[in-house]
J.: 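Below you will find the structure I want to go over with you.
Bear in mind that the values here come from a model prediction, so they are computed numbers and not experimental data. To find a chain, count down the sequence lines: A is the first, B the second, and so on, and within it residues start at 1.
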Amino acid sequence: MTSMSSLNALRTDKRMVIAATVIMGIALAVLPFIIGSGLGNSWLRILNFALLYIMLALGLNIVVGFAGLLDLGYIAFYAVGAYLYALLASPHFGLHLPVWVIIPAGAALAGIFGALLGAPTLRLRGDYLAIVTLGFGEIVRIFLNNLNAPVNITNGPQGISGIDPIHLGGFTLAKPISLFGFTLPSLHAYYYLFLALALFIVFVTIRLENSRIGRAWVAIREDEIAAKSCGINTRNIKLLAFTMGASFGGVAGGLFAGFQGFVSPESFNLMESVMVLCMVVLGGMGNIPGVILGGILLTILPEIFRHGSGPVQVAIFGKILLDPEALRMLLFGLALIVVMLYRPAGLWPSTTRRREFRGDSTNDVLKEGE
Amino acid sequence: MSYSRIPSMTLAIAAAVAMIGCGQKEEPKPAPAPAPVAAPVPPPPPPKPEVTVQLGHVAPLTGPQAHLGKDNENGARMAIDELNAKGLEIGGAKIKFVLVPEDDQADPKQGTIVAQKLVDAKVSGVIGHLNSGTTIPASKIYFDAGIPQISGSATNPKYTQQGFATAFRVMANDVQQGKVLGGFATKQLAGKTVAIIDDRTAYGQGLADEFEKAVVASGGKVVTREFTTDKATDFAAILTKIKSKKPDVLFYGGMDAQGGPMTKQMKSLGLKAKFLTGDGGCTPEYIKLAGAASEGQFCSLPGVPLDQMPGGKAFGDAFNAKYGQIQLYAPYVYDAVMVMVDSMKRANSVESAKFLPEIGKSDYQGVTTKIQFDDKGDLKGGAISLYQVKDGKWEYRETIGGSVVAEVKEAVKEAATAVKDAAVATGDAAKDAMKDAAKEGSKVAAEVSKDAAAAKAAVEKK
Amino acid sequence: MDIFIQQIINGLVLGSIYALVALGYTMVYGIMGLINFAHGEVVMIGAMVALTVIKLLANSGLPVFIIILLALAAAAVVCMAVGFSIERIAYRPLRHAPKLAPLITAIGVSIVLQNLSMLIWGRNYHAFPPILPTSAHDVFGATITTLQVAIVLIATLMMAGLIVLIHRTRLGRAMRATSENPSIAQLMGVNINQIISITFIIGSALAAVAGLMVSANYSIAHYYMGFMLGLKAFTAAVLGGIGNIAGAVLGGILLGLIESLGAGYIGDLTGGFLGSHYQDIFAFFVLIGVLIFRPSGLVGEKVSERA
Amino acid sequence: MSSTLLEARAIDKHFGGVTALRNVSLTIRQGEIYGLIGPNGAGKTSFFNVLTGLYHPDGGELIFAGEKLQASAPHKVAKLGIARTFQNIRLFGNMTAMENVMVGRHVRTHAGVFGAVLHDRRTTREEAAIRRRAEELLNYVNIADRADDLARHLSYGDQRRLEIARALATDPKLLALDEPAAGMNGTETASLRELIEGIRKDGITVLLIEHDVKLVMGLCDRVAVLDYGEKICEDVPSLVQKDPKVIEAYLGGSIA
């Protein structure tokens, strides 16, 4: 919540910026210790996953939020990054390349995949684009699941285990790191690494948003024909959106593989793509703080329900009436519906979108639905 | 090349033989897992009346495999209820077991999150997870925390191959089961030609791969290998293709939800092959889903049938009365809990670090089989029982493997082959070497057969 | 040759099932331009309700035909109610919202329906009672069951019925007008809320039929069955040209044939390099190929870039 | 006598069986205001779309500033120096007026991803220039006070102006306006007229499709008339008004 208010401040006052940054920096730095000791390491692990999902959501936000291209196969790029890491740093091929080689390579390869998958879809719009990207996502997953024969590349459904943990310099993040008599537990170390990369991605996204490229993306989203007539090469700019978005996914995927130590195709199914899309839309499409909020919420919400659905029932009724696991997913589904009904532009829409929803005529909105 | 293999082979065989021969005596085991977070040794519990011991259980409780997950959980719950009713005393304190059930949605990421949650909750041990895909990444977290884990259903060999001293399973792995099934298909079912379908999950594919190897090794021919998914309902296309290859046996590596409809469609397409499947299809659900088409089909389950085991029938009846029809792995999960608690009793402690070494030494008569672990944490022996549908019910046919004799026989055969290979491979270029090899080889062979004979004798005596 | 004919029959049956479900997608899309992602779950509810009724009546001594009709009626009523409520609760308030908002509520509805169904019917697979005749007919050495013949016929009849409804009736005209331009339709005196509700109700009734057919054909029902089915049917609808009734059936049948022939022959054609493990993606490859050359599907309207 | 800026040679365009343009040839000279009129459905907008690369012509070619225009490449056409507005305004509704104009500068700027992320000196300078130019243009069309408002919230007239500012941001040699006065009242039309004249004065050639015949006749140097996809007349306004074919095309309507 600190990050919310401080990010808001970023927009209003120049002097506030420094103060907010410092406060936010301190908050983010001590967060793992507060969470780790207060709520337990499982919440720290959840937080780490939340950071990965933030990266994914920010990547998808470029494609869906900025450029307005509905992509239902985004998780494929996460998979590409994860498998690249798994193949280059595990006993599977006996390769153990360092992380500073693999992560950029993962970003690059995912970016290339993004362009390759984006190219045939350029003429498609809306729902047709959605189904084709969905198809691409499934194609990637199914290939990962089956490329164990005739040549064993991905080890098929068995997945790849024994993946090297992330090493930085002489340190492995898999074990507690001792520095100057201070011990940093493994989960904390991963947190700082993920946080650093997530912040980097936020930075890149903000810079892109406020650039010639970012404006071109939004222009395409708003009106492709007008954008063309303004001299925007929509083909290249769309491909760039796919590439940039995919490369963020590739980074997150690599980190995921190193963090988990195991990858298998089942982590990259359609539901995951859908979840990331929900983060973007629920948070507030096209608005970076909103997307971050969406990523955090949708990662921790099911976990809150997980921790709460049993005990709360016991507290209220004295016993468990409804199966807590079914209830958990039920509440999650309801949350998606309710949030969208009350905040159709997302929880934290960009200022422009918010204005759009303040008592606007239906005339405007009809245009939206074209 | 092969020359250098001889000594190591010998060693391995000798070790195997010694192990088998010595029965209960334990081979020196590497020190148990470090337990970095374990609390310092507590003083023997003073007159405290009751100690609560938490056991974690993880399986998918939502999503397509939820029915199996709930079944597993019920198995664990049943064990814990029984234990609590009995009122165990360990380390001088009365023990109350509490089950901490978690849902991993069959998702590896969720698997690690709930694993961490269980570690945070300071559970003494973990039963699960159900799927190999979630079990493998989670096992690292348990290992790091020094918490023992026994899975009743994860069959991927990788799980116990990671070198984690905390990882055990009370279920035959894919290799063990696939081997038996392959032999059964070619020998008992007299299948000269075999078609294989798997569902492209870690379980189905692993089992089918091992099955295929075993079929080929025993002289059968795999005429076609087809694939489906664990969400499919329509198999007409692949079954039609298989029909064109006219196999004697059709093996399916996958679950009942696909196996049942598959059998039904097989019949309506006029495919006459015998249907054989592994534990995933060895359920009453299979018969319900396949209907009349299930008659005469085969499946396998690790272990020995419930009603042949002491207490097995009672377990089955009690479970059915309490939770309804056993789906699949509930008895294995039940055994997993019991093995863990048995180890606590022997260690006289509920501290993970204390009873962990005892798990490896288990020799427990479970409701599914006699449970002993090898040095990796895999079920030793691995008896596999085969069943056939008769009058709409699975009926026990026979149990294959599980006998030490069979293992010895195999080891001897392998050693002899190795020796022969070595002799041949050295070739003309090194006649001396060959001579030596031959000499040594025959010596080894003699030794091996002597050991084997001794082992056999020991076994028979037992 | 009999094998080839069998594969064609397999494809037709599978395709008809896809078509039955795809009709529901395409109807809603045709009127509202909305992907009703929860449609697969409505099919699942239909299957579950029908199965429950059949199980209850299986030993009642009633003729099979009556049991099936009663089951269908019950399933249709429940599905129509569910469909109507979904539209009212989750879609109508968002009719003027950004396009992706209803997509997210659809996903939410889908999750809710799945888990509700799990609470009601449990986690286990349900087997369809063996009350239907399993007689198989011989077609040039290949076989087809009576039920399968019925499925193909029903899919065709439904398509024909819907086409007549849309092109020959007052209601159909109102639907077309709504689809063409809701605000003008409203000006012409069409109650678009009513039309959209009716569309959802008809689509859901179709889902009930599809649910019954699917569970009867595969003799299995499960709370998770709607997901994969919905996905495939959606693909079929897009392949044919979403929004077009005949297109949905064409797309469904084509998809069934592609999967069937692909799984049956690609292994031998590629020397084992590709096999039936790629069954689920042949359709996507074809879909991508079709959409590259015909961006609006096979028989979809050509939406030219209007400047 | 000024030189030729745009030459259309025998342009044909069909949609299915319908002919939208048949053998249309016309020449626009550097620095003039050229009007294109005709009854509804005469093919004016089709000609615009062919000219700006949105439609692929079925025959003929377009020569612009000595270069052959590539069909179906609107962004290249924009780069060569043809900017346009749309009959039914196509702004980027959810962007501010300022941003709309900034998008127009896209084609004359270069910053890529690396520049955008690294903010090197060239990029910052370019970005500042874009902003400056956009401000100037908003001033020029007289809507500077609405710079930070969403385009969709501007009044109709202001939206028209904004669209012109966005088009001007591409530094066009030829500005093609598709019915800019449609729906405007008298005062608005008058000030639009001033604006267009100003643009011409700044050296930009203007191609104008317009229904408001009075505006066209008063503003244009030359006028071409399309009817059923064919050019039936091309001349100075005073002569066009007297052309019997034109009068007939307008059904003897009140052309003068």
J.: Looking only at heavy atoms, which two atoms of A:M329 and C:I111 are closest? And how far apart?
T.: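 Taking A:M329 first and C:I111 second, the nearest heavy atoms are O-CG2, 3.3 Å.
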
J.: Could you tell me which portion of C:L119 (side chain, backbone, both or neither) has an atom closer than 4.5 angstrom to a non-hydrogen atom of chain A?
T.: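 It is the side chain, since no backbone atom gets that close.
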
J.: Can you tell me how far the CE atom of A:M340 sits from the OH atom of C:Y91, to the nearest 0.5 Å?
T.: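 It is 13.5 Å, given to the nearest 0.5 Å.
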
J.: Closest approach of A:P344 and C:A97, non-hydrogen atoms and distance?
T.: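 Residues A:P344 and C:A97, closest heavy atoms: CB-CB, 3.5 Å.
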
J.: Heavy-atom pairs under 4.5 Å with chain C - which of A:L270, A:L336, A:L282, A:I131 has more of them than the others?
T.: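 Ranked by heavy-atom pairs under 4.5 Å with chain C, first place is A:I131.
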
J.: Could you look at A:L129 and say if it's the side chain, the backbone, both or neither that has a heavy atom under 4.5 Å from chain C?
T.: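 The answer is neither part of A:L129.
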
J.: Can you tell me how far the OH atom of A:Y128 sits from the CD1 atom of C:I288, to the nearest 0.5 Å?
T.: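 That separation rounds to 15.0 Å.
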
J.: Check whether A:L72 gets within reach of chain C through its side chain, its backbone, both or neither, counting any heavy atom under 4.5 Å.
T.: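 Contact with chain C involves the side chain of A:L72 alone.
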
J.: If you take all heavy atoms of A:P120 and C:I292, which pair is closest and at what distance?
T.: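 Shortest heavy-atom separation between A:P120 and C:I292 comes out as CB-CD1, 3.5 Å.
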
J.: State, yes or no, whether a side-chain contact exists between C:L100 and A:V280 at a heavy-atom distance under 4.5 Å.
T.: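 The answer is no, as the side chains (C-beta and beyond) never meet within the 4.5 Å cut-off.
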
J.: So which of A:T121, A:N146, A:N145, A:L277 has the largest heavy-atom pair count under 4.5 angstrom toward chain C?
T.: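 Between A:T121, A:N146, A:N145, A:L277, the count favours A:N146.
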
J.: With a 4.5 angstrom heavy-atom cut-off, is it the side chain or the backbone of A:L122 that approaches chain C, or both, or neither?
T.: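 Interface part for A:L122: neither.
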
J.: Supply the atom-to-atom distance A:I337 CD1 to C:S110 OG, rounded to the nearest 0.5 angstrom.
T.: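 If we round to the nearest 0.5 Å, A:I337:CD1 and C:S110:OG are 9.5 Å apart.
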
J.: Checking heavy atoms, do the side chain of C:L94, its backbone, both or neither come under 4.5 Å from chain A?
T.: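 Side chain only.
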
J.: Between C:L103, C:L287, C:L113, C:I35, which residue shows the highest count of heavy-atom pairs closer than 4.5 Å to chain A?
T.: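 If we count pairs closer than 4.5 Å to chain A, C:I35 comes out on top.
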
J.: Considering only heavy atoms and a distance below 4.5 Å, find which of A:L327, A:V274, A:V339, A:V281 pairs most often with chain C.
T.: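 Looking at each option in turn, the highest pair count goes to A:V281.
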
J.: Are A:F143 and C:Y278 near enough that their ring centres are under 6.0 Å apart?
T.: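 Yes, close enough.
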
J.: Could you tell me which portion of A:V338 (side chain, backbone, both or neither) has an atom closer than 4.5 angstrom to a non-hydrogen atom of chain C?
T.: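 Interface part for A:V338: neither.
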
J.: Measure A:L124 against the heavy atoms of chain C and call it side chain, backbone, both or neither at under 4.5 Å.
T.: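 Interface part for A:L124: side chain.
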
J.: Using 0.5 Å steps for rounding, measure from the CZ atom of A:R141 to the CD1 atom of C:I281.
T.: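 Output value for this atom pair is 9.5 Å.
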
